[in-house]
Amino acid sequence: MQRSWIVLTLLAAIGATLVGCGTRCENARSRFEDRYSECDIPYTEAEPPEGEEVCTDADGAYLECISNCADSATCEALKGEDPAGAVDFGKCYGDCSN
């Protein structure tokens, strides 16, 4: 019984991933934009240079990482009103590059 529960859970997770709209990059950007909106921070997305944007696995992983950092930071940290929180956000953001 427990084995079937684990299999069903894994299948549901895979299905949710496959059904999700957009690319990893689009989804991460959307989360980042939503977080900034929650904190009343203006958000402007730069347009990619000529042609369609390409989202590599590395791009998706990087954008997901910084979105996770923004999600875990307080609004005050994102606005620069909480210096210690802003430092933590900066460290998290920097870790995404490594």
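Predicted model only: the values in this text are computed from it and were never measured.
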Problem set entry | From CG (D88) to OG (S72), nearest 0.5 Å |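 These two atoms lie 9.0 Å from each other.
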For this session: State the CD1-CZ distance between I66 and F32, to the nearest 0.5 angstrom.
Result: 5.0 Å
For this session: Apply side-chain contact (heavy atoms from CB on, under 4.5 Å) to C39 and list each qualifying residue two or more places apart in sequence or on a separate chain.
Result: R35, I41, C75, L78, K79
For this session: Not counting sequence neighbours, which residues clear side-chain contact (heavy atoms from CB on, under 4.5 Å) with E33? List them please.
Result: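 Partners of E33 by the side-chain contact (heavy atoms from CB on, under 4.5 Å) criterion, ordered by chain and then number, come out as Y43.
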Exercise. Where is the tightest heavy-atom contact between A73 and F89, given as atom of each residue plus distance?
Worked result: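 Distance-wise, the nearest heavy atoms are CB-CD1, 4.0 Å.
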Problem set entry | Residue pairs fulfilling side chain to side chain donor-acceptor pair (under 3.5 Å) with at least one residue in residues 55-70, sequence neighbours excluded |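 Listed by first then second residue: R24-E64, R31-N68, T56-D59, Y62-Y93.
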Exercise. C69-C92 sulfur separation below 2.5 Å?
Worked result: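 Cysteines C69 and C92 qualify as a disulfide pair, their SG atoms being under 2.5 Å apart.
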